[in-house]
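Structure first, then comments.
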Amino acid sequence: NETYCAVFSTEAGQKRYILQKMNKQIFKDPVGLMENISGVTSWLKKKILENGGDAERETLNIVNDRAGAPYFVDKEGEYWRAYLFIEDATCFDQVENDEDFYQSALAFGNFQRLLADYPADTLHNTVKRFANFKKAVEEDACGRAADVQKEIQFVLEREQLAHTLVDLQDAGKLPLRVTHNDTKLNNIMIDNVTHKGICVIDLDTVMPGLSLNDFGDSIRFGASTAAEDEQDISKVSCDLHLFEVYVKGFLEGCGGALTDLEVEMLPMGAILMTFECGMRFLADHLEGDHYFRIHRENHNLDRARTQFKLVWDMEQKLSKMKAIVEKY
């Protein structure tokens, strides 16, 4: 999306808004997207007010158009939206210290708690990732498959792994939740004074899913010892200390909203979301890098390799990860 800060002068002083042009190439259904965000933020505002919170700072606030729609359409048919600017708060791109990572865990756990009884099946959903990957391999649109057979085999050997959580959900053992699906540290606004995580932002990927998806993506991004696109994969591993910091904060934030099985499966969620992300990076590499923005040749392949190394490392540490979850 193209993002701007719009500043207005009023009698009370300056007022800022976030103005965004939605990327129709990525988000094919901008109306459905905004229906998702409008429904979820309205629900969050109600819950925040019931808890005595500040609804203007603790969730995104959409500025509707004059007809009451949560988006605007310009003369070129482009879709725009506006949010109130959340003042006196910052988001961070990298984990600088344990406390910030812990606060992000609390915030995403709280997000799960507040939306625990939201009718998740009313949200617009997405397609299965593994089927997309196999299609990308079969079509080999850019003729790159021959050079990445090792990586392709890594994925195909774990097809059963890809079904682990889906099968439990299909069997009714894991509940359908509202999931954020991009739970990076930089999607949490942290208050500049209290240093508390106050608001979950970037709700474009909100859809029905599993709580384990959100937990897992946080670990994939925040507990890795290397950057997502590190070219030296010997530097890539799962930091068990940061894993524990996040487990503690996430479960505290959830406040008992998760089932026993959801808690038990948290380590598997971390492995599966890392695996899925690596699979998506590799598929995008095979398809010509049309989804994830690249800054160098084979950038998405580098990203895929870091994810697969992280998957392998977590597979070796699974018993230790389970012990940490049991502790909390």
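Just so it is clear, the values below take in all heavy atoms, side chains as well, and ignore hydrogens, waters and symmetry mates.
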Do L301 and F281 have side-chain heavy atoms sitting under 4.5 Å apart?
no
With a sphere of 6.0 Å drawn around CD of Q153, does it hold more than 12 non-hydrogen atoms of other residues, nucleotides or ligands?
yes
Measure from the side-chain N and O atoms of T179 to the backbone N and O of D214, and report whether any donor-acceptor pair falls under 3.5 Å.
no
Per the ring pair (Phe, Tyr, Trp, His ring centres under 6.0 Å) rule, what does the pair list look like for residues 40-71, sequence neighbours excluded?
W43-Y118, Y71-Y79
Contact check, side chains of D65 and W80, non-hydrogen atoms, under 4.5 Å:
no
With a 4.0 Å cut-off on N to O distance, would you call R158 and E315 a salt bridge?
yes
Pairs in or reaching into residues 44-69: which pass ring pair (Phe, Tyr, Trp, His ring centres under 6.0 Å), with residues at least two apart or in two chains?
none
For a side chain to side chain contact (heavy atoms under 4.5 Å, CB included) check, start with the C-alpha distance between F243 and I219, then their side-chain angles and the critical distance, and finish with the verdict.
CA-CA 7 Å; F243 177 79; I219 297 303; 3.7 Å; yes
Checking R220 now: which residues fulfil side-chain hydrogen bond (donor to acceptor under 3.5 Å, both in side chains) with it, not counting sequence neighbours?
D217, E228, Q307
Cation-pi check for F8 against K15: NZ or CZ below 6.0 Å from the six-membered ring centre and within 45 degrees of the axis, yes or no?
no
Pair listing, side chain to side chain donor-acceptor pair (under 3.5 Å) test, anchored in residues 163-173, at least two apart
none
Could you tabulate the donor-acceptor pairs under 3.5 Å formed by side-chain atoms of residues 257-273, not counting sequence neighbours?
from	atom 1	to	atom 2	distance (Å)
T259	OG1	E262	N	3.1
T259	OG1	E262	OE1	3.3
E262	OE1	R177	NH2	2.7
E262	OE1	T259	N	2.8
E262	OE2	R177	NE	3.1
E262	OE2	S211	OG	2.7

The criterion is side-chain contact (heavy atoms from CB on, under 4.5 Å); which residues satisfy it with Q94, sequence neighbours excluded?
E96
Pairing residues for D191 by the side-chain hydrogen bond (donor to acceptor under 3.5 Å, both in side chains) criterion, not counting sequence neighbours
R57, T194
Report yes if the distance between the aromatic ring centroids of F85 and Y17 is under 6.0 Å, otherwise no.
no
Hits for salt bridge (Lys or Arg N to Asp or Glu O under 4.0 Å) against R296, two or more places apart or cross-chain, chain-then-number order -> D229, D302
side-chain contact (heavy atoms from CB on, under 4.5 Å) against I62, all qualifying residues, sequence neighbours excluded
M34, I37, S38, T41, N64, P70, Y83
Does a salt bridge link K317 with D313, judged by any charged N lying under 4.0 Å from a carboxylate O?
yes
Taking only residues at least two apart or on different chains, which pairs with a member in residues 38-47 satisfy salt bridge (charged side-chain N to carboxylate O under 4.0 Å, His left out)?
K47-D117
Side chain of D54, backbone of E56: donor and acceptor closer than 3.5 Å?
yes
The criterion is side-chain contact (heavy atoms from CB on, under 4.5 Å); which residues satisfy it with T205, sequence neighbours excluded?
H180, N181, D182
Who passes side-chain contact (heavy atoms from CB on, under 4.5 Å) against K248, sequence neighbours left out?
Y102, E252, Y328
Where does the angle between the aromatic ring planes of F250 and Y246 fall among parallel (under 30°), tilted (30 to 60°) and perpendicular (over 60°)?
parallel
